[in-house]
Structure formats: C-alpha cells, structure tokens
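Atoms considered below: every heavy atom in the structure, side chains included; atoms not considered: hydrogens, waters and symmetry mates. Below, chains carry the letters A, B, ... as their sequence lines are ordered, and counting in each starts from 1.
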Amino acid sequence: MTIANTASPVMVVPKRKERTPLGDAIQQLLKNRLSVGSGIFIIVLIMMAIFADFLNGYALQGYKINQPAFAQQVLQDNNAKFGHVSESPKLAGFVYWLGADNLGRDLWSRTLYGTRVSVAVALVASSVSLIIGLSYGLISGYAGGRVDELMMRFVDFLYGLPILIVVILLQVYFKALARHGAEGGLIGFILGLNQAMGGLLFVFIAFGALNWLGMARIARGQTLSIKQKEFVEAAKSIGVSTPNIIFKHILWNVLGPCIVQETLQIPNYILTEAFLSYIGLGVDAPTPSWGIMINEAYQGLRSNPHALFPPAMALTLTVLAFNFLGDGLRDAFDPRLRE
Amino acid sequence: MFAYIIRRILWSIPVLILLALTVFVLMRAIPGGPFDFMGDKTMTPAIRKNLEYRFHLDWPFEWQFTSYILGDDVAGGMCRAMSFLPGCDVVQKSAGLGISKGLIRGDLGMAFRLRGRTVNEMVMETFPISLQLGSIATVLALLIGVPAGTMAALKQNSLIDYGASFIAILGLSIPPLVMGPLLIWIFPLTLDLFKVAGWGAKPPFILGVFPTSLGQDFWIYAILPAITLGTGFSAAIARLTRASLLQVIREDYIRTARAKGLREQVIIVRHALKNSLIPVVTVLAPLVVAVVTGTFVVERIFGIPGMGRHFVDSIGNRDYPVITGVTLIYATLLVAGNLFVDLMYGWLDPRIRYD
C-alpha cells in the first residue's frame, strides 16, 4: 500500500436527495392520512367560504333573489324539515336540503355563509396573534437583559387576566359603541367598517388584544435558544446587521414551532367566536354565524330539533379538522415524536 | 416556599387592581348609563339624579374608583383632609351614604339594578353553584381521562389505543355549545330523563360551598352539565396522560424497577404514572381557566343559576358593581388556580425548587 494508491480511486458516492428540515417535516405530514384529509377538508371549507355566493341553495337551484341568501325570509316555509319542497309563490319548487329555520331561511345557505365567519376568524385571529406575539417574543428574546425582563413581566401581568371575560367586556363596549354610533372621524370610519363586516371587525380586535400572549412566550423561548447557536455567532462575527440577523437567521427558525402552536389554537378561536355569537356578543344578526344558528335552534329545540344539526355538525367537523391538522403538524415538526 | 407563595399573592394584587380599573374604565366609557331605563320606559331625570347621587355616579371617575377600592368613607375622609383636590365638593356631599366599604375590606359594593342587594350576597349564593359544577366536571374528567390515557399507553398501537385516541380527539372537538343542546334534546326532551333550567342544591350551603344533600335531586340537575363540561377536559387529559406515559415507560428507571422484580402494577402506578402526570398538571393550569370560563358557557346553556349567568345578565343591565365584582372573582380564581398548579409541580417533581 503506497501513498499514491490512496488518492487514485474515486469514491463513488450514491446520489442522495438533499434533505432539509422543512422537507422532512412535510414528508412526515403527508404520511399522516388524517392530517392530510383534514387539510383537504379545510381547503374545501375555505373554498366554500369564498364561493358561498355561488354555492348557496338559492343559487345552485337557480333562484334569483335580491337579498343575500342568508337573510331571505319565507315565512311560509318556516321550520321546514330536511328536503322540504317549497310551495310558496316566490320559491315554488325550491328544495330545502337541510330544512329551514324558524324564519324560513334555508339552513344549507346559512350554514354555508356561517363558514365565512368561522374561516375568517380562524385565519385572521391566528395571523394577528402570530404577528404580534412573534414580534414581541423576538424582540424580547433577542434583546435579553433588562428589556427582556420588563417585556416578559408585562406579559406575565396580562396573563393573570381571564381572557374570555376581557374579550366579553371588550365586546360589550364595542357593541354599545356601535349601537350609539358616531359621526365621522376615525371612530365613525371604524364603526362603518365594522358594520360592513357584520360585526366581525370588533371580534378580531377583541381577540387580538390578548391572544398573542402565549405566542410571545413561545417565540421568546425559541429565540433565546437559537440566538446562542453557532450560526448566529458566525453571522454576528462577519458583521451582519442586527435586523438581518433577526429576520434572516432567527425568524425562520422560530417560525416553525410558532405556526404549529398557532394551528393548535385555531379551534379555540372558532369556539370562542361561536360562543360570543351564541350569547349575542359576536357578529351581528342576521349575519349567519354557527354560534347564532345554534342559539336560534336551541330556542326551538322542543319543536324543531332538526335546525340544530347543520351548524352543530359544521362546527364540530371544522374543529375536528383543525385539531387533526394541528396534531399532524406538531408531530411532523417535532423530530422527537417520530418513530 | 412560604416566601414564594407570599410573593405570588402580592404579585397578583396589582393584576386585580388593574383589572378592576380596566372594567371601570370600559363600563363607564360606554355611552349611556345604568339608570337610563326603568323597565321599558325612560327613567325620569329627577329619579335618575337621585339614583346617581345614591350610588356615587355623580362623582368624578377617579373618586368613584377610589371609593370602590378603599371605601366611600375613606374617600370622604381624604376629601375632608385635602379639600383642595378636584371634585371634592361633590364627594363630600354624599360620602356618608356608606354604600361601599371598599375592595380592600372585602366589600364588592351594592348592585345597581337589584334593589337592596349587595354583590357579596349575590356571589355567596351563586358562586358555590358554579364551583360545584366545575368540581364535578373536573373530577369526572380526571376519573375518565387518566385511566383511559393509561390504558391506551399500556396497550400502545392496539385496538384499545386507537379507539381511545379517536374518542379522545372526538371528545376534544365537540364543543359544549354543541354537546349541551344535543344532550338536552336527547335526554330531557326526548327521553324525559334528567332536568334542566335549575340546580338541585339551594343555599344555604355547608361551609358556604357544599350542597346539603347529594341525593337524586342533586344529580338529576348536575349530571348533564357536568358531562358537557367534563368531556373536553377528560379528552385532553387522556391524550396527555398517554403521550407522557409512553415517554416515561421507556426511561431507565422503569427498566430498573422491572429488573428489581417489582410487580407490574407497582411499576405503573408508583413509578411511571406519578412522573407522567407532571405534563398533565401543566395543562391543569389552562384547564382551571377553562373550567371557570366553561361553567360560564354551560350555565348559560343549561339555565343554571350560577355566577356566569349573573355576569351575562349584569352586562345587559349595565350593573357596574356586579360586572366588576364577578370579573374580580373569576380573576382571583384564576390566580389561585395557577398558584395551586405551580405548587403541585413541586410536589410531583422534587427537582423543582421555589425561590
């Protein structure tokens, strides 16, 4: 064996696909059939929310109505059961696939429009919480020292507040403000916007006020551990600016766990909105929210229990799907849980 | 540890005062007041003036808050001593009415809309009911959740495991808002079993909290709300117990215990289960919150005369002292729950030290 010999044979390395943590996680996620199914379900749900104007019972069955479908009142068909065929002059032959509520409004259409509220709450509330919490946690964790302590003390402080009650109080305040009205100015503009959104804007604001706290804690913890990693040291040593370190190096590593956490929170947002609407502090009637629909069905539970099922099923399935998806994401992004 | 507890309690005081202030500001920022209407009619200005005088609503905001925290006699005293302070002339006129001894003396004030009732009385009557409901639900959740999670973990990847996990996530996803009306429809309305709109235990309660009898009359009202409230929790507990027990039974000290020849039961209960409950306790903190606010939802659905219902009613009535008082009670409960959970960690995991 000579020295020359060792250099001559070329090592043949079998070509391997490049693997990134993100790619691994996605592959892991795709293996989880329940999560994939849930993901598809959620995408369908979002599509239904977007195209509700074309998918509601009236549009699908070719009935042209002036009012938005969810507000259409046909008192003749009130409390119609599943599959009831209308005989009222305006809607002769119209089939109520899922029945009608106490005002004769088609339950399929209302449930469909209710999707809009829930999907909007799921997406907007989680994004707001993610953005505020992530920025807060990044700054706090990266700054460290006194700033960190002060910022986290503030979070601890707010954490002592009962979130649902604060949300309810805020909603009471907003509702009264909306009832009272305001002329012009910023408040007038916000009130107008809120009215146009059927009361959703205030729901978003109330949710955004406190729900970022948990996210801030997680983001801070992640930032603390990542800022001590070698690659951040290396970036610092070659003189990368602080914003660049935060946004290019730390943010992307913190984002994964934060998104997973946020996904797990989504059912919570949907349920809170449903409850607020149930007690009349969420979106404004006649905007259909599943919470409002459950409340209306509950009022007539003795005589017309069928009205309960469409919104109840929709709410349960949606929460179930987000739970499965969140679980799948968590398993996929946490290598410790892999087999 | 004693110092730790004291510090935690002291730390919660500014939180509670800030909360009281927030509620105060929010409620008074709302246009209109609690005495705008009397029944369906608009209240006559003279009566309204009298009522506002009676309840110190004519005072400047900062004096109202001072009176709420310290008592109106103290506020009056402060004004007598320092009459140059703004708003003192109004305060001195009605400071002697003595409607509130102040939060620091444990007085939550008088209800505006329920004549002659104090918030303390209302809380004493309704809070035990909420507490009973919450406790039954928690016990139910633990009784179902921990054994189910343990079974699933011990028979990992078996039919039992899959079944339990599936039921758990289903239970987690059926919100009380759906479960409640559904149970009401199935049992009281269709099968004529159990009762709703009421509660089986009436004041006076033993020690101010416990129902005087736990007979059929009690359970006939309690069982459905407790199931509604407890299902989600038991599912959450089962999932956590399973996940954490799976981790624990692979630890070295479990193998050691097996090697020593301990009985399987002893290994699971004494060595594995106790350690696997630490993460479960972690979620008990949010669970305490969820029980507290959950009773709120369930009371609303089942028509239980608990504190949550008072809260929602008082919001509609603009009854400031009731809203503030009930909010503070909830917040105090939250603080106490969190503290209890933190102390439980120490008991379960001796490595944790309080400093």
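- Within residues 180-190 of chain B, the residues having any heavy atom closer than 4.5 Å to a heavy atom of chain A are B/Pro181, B/Leu182, B/Ile184, B/Trp185, B/Leu189, listed by residue number.
- Neither side chain, B/Gln156 nor B/Tyr162, offers a donor N or O lying under 3.5 Å from an acceptor on the other.
- Judged by distance alone, the side chains of A/Asn323 and B/Ser173 do bring a donor and an acceptor atom under 3.5 Å apart.
- The neighbour count for A/Gln299 CD, taken as heavy atoms of other residues, nucleotides or ligands under 6.0 Å away, is above 12.
- The pair A/Asp156-A/Arg217 meets the salt-bridge criterion, with a side-chain N (NZ, NE, NH1 or NH2) lying under 4.0 Å from an Asp/Glu carboxylate O.
- Both the backbone and the side chain of A/Tyr173 have a heavy atom closer than 4.5 Å to some heavy atom of chain B.
- The number of heavy atoms from other shown groups lying within 6.0 Å of CG (B/Leu10) is above 12.
- When the candidates A/Leu281, A/Thr316, A/Leu315, A/Ile270 are compared by the number of heavy-atom contacts under 4.5 Å with chain B, A/Thr316 comes out ahead.
- Heavy atoms closer than 4.5 Å to chain B are found nowhere in A/Asn295, neither backbone nor side chain.
- Donor-acceptor pairing under 3.5 Å is lacking for the side chains of B/Gln247 and B/Ser276.
- Only the side chain of A/Leu308 has a heavy atom closer than 4.5 Å to any heavy atom of chain B.
- With chain A as the partner, the residue from B/Leu18, B/Leu16, B/Val326 showing the most heavy-atom pairs under 4.5 Å is B/Leu18.
- Aromatic ring orientation, B/Tyr330 versus B/Phe311: perpendicular (interplanar angle above 60°, classes split at 30° and 60°).
- Side-chain contact, A/Ser289 with A/Glu273: a donor N or O sits under 3.5 Å from an acceptor N or O.
- Neither the backbone nor the side chain of A/Leu34 comes within contact range of chain B; no heavy atom of the residue lies under 4.5 Å from a heavy atom of that chain.
- Scanning both residues, B/Ile249 and B/Leu246, for their nearest heavy atoms gives CG1-O, 3.6 Å.
- A/Ile294 touches chain B through its side chain: at least one heavy atom from C-beta onward sits under 4.5 Å away, while N, CA, C and O do not.
- Looking at B/Ile301, the atoms closer than 4.5 Å to chain A (heavy atoms on both sides) sit in the backbone and in the side chain alike.
- Between chain A and the residues B/Thr327, B/Ile169, B/Ile174, B/Leu19, the most heavy-atom pairs under 4.5 angstrom are made by B/Ile169.
- Under 3.5 Å, the side chains of A/Gln265 and A/Ser126 contain no donor-acceptor pair of N or O atoms.
- Looking at A/Phe309, only its side chain comes within 4.5 Å of chain B, counting heavy atoms on both sides.
- Not counting sequence neighbours, the partners of B/Arg8 by the salt bridge (charged side-chain N to carboxylate O under 4.0 Å, His left out) test are B/Asp342.
- With a 4.5 angstrom heavy-atom cutoff, B/Ile323 touches chain A only via side-chain atoms.
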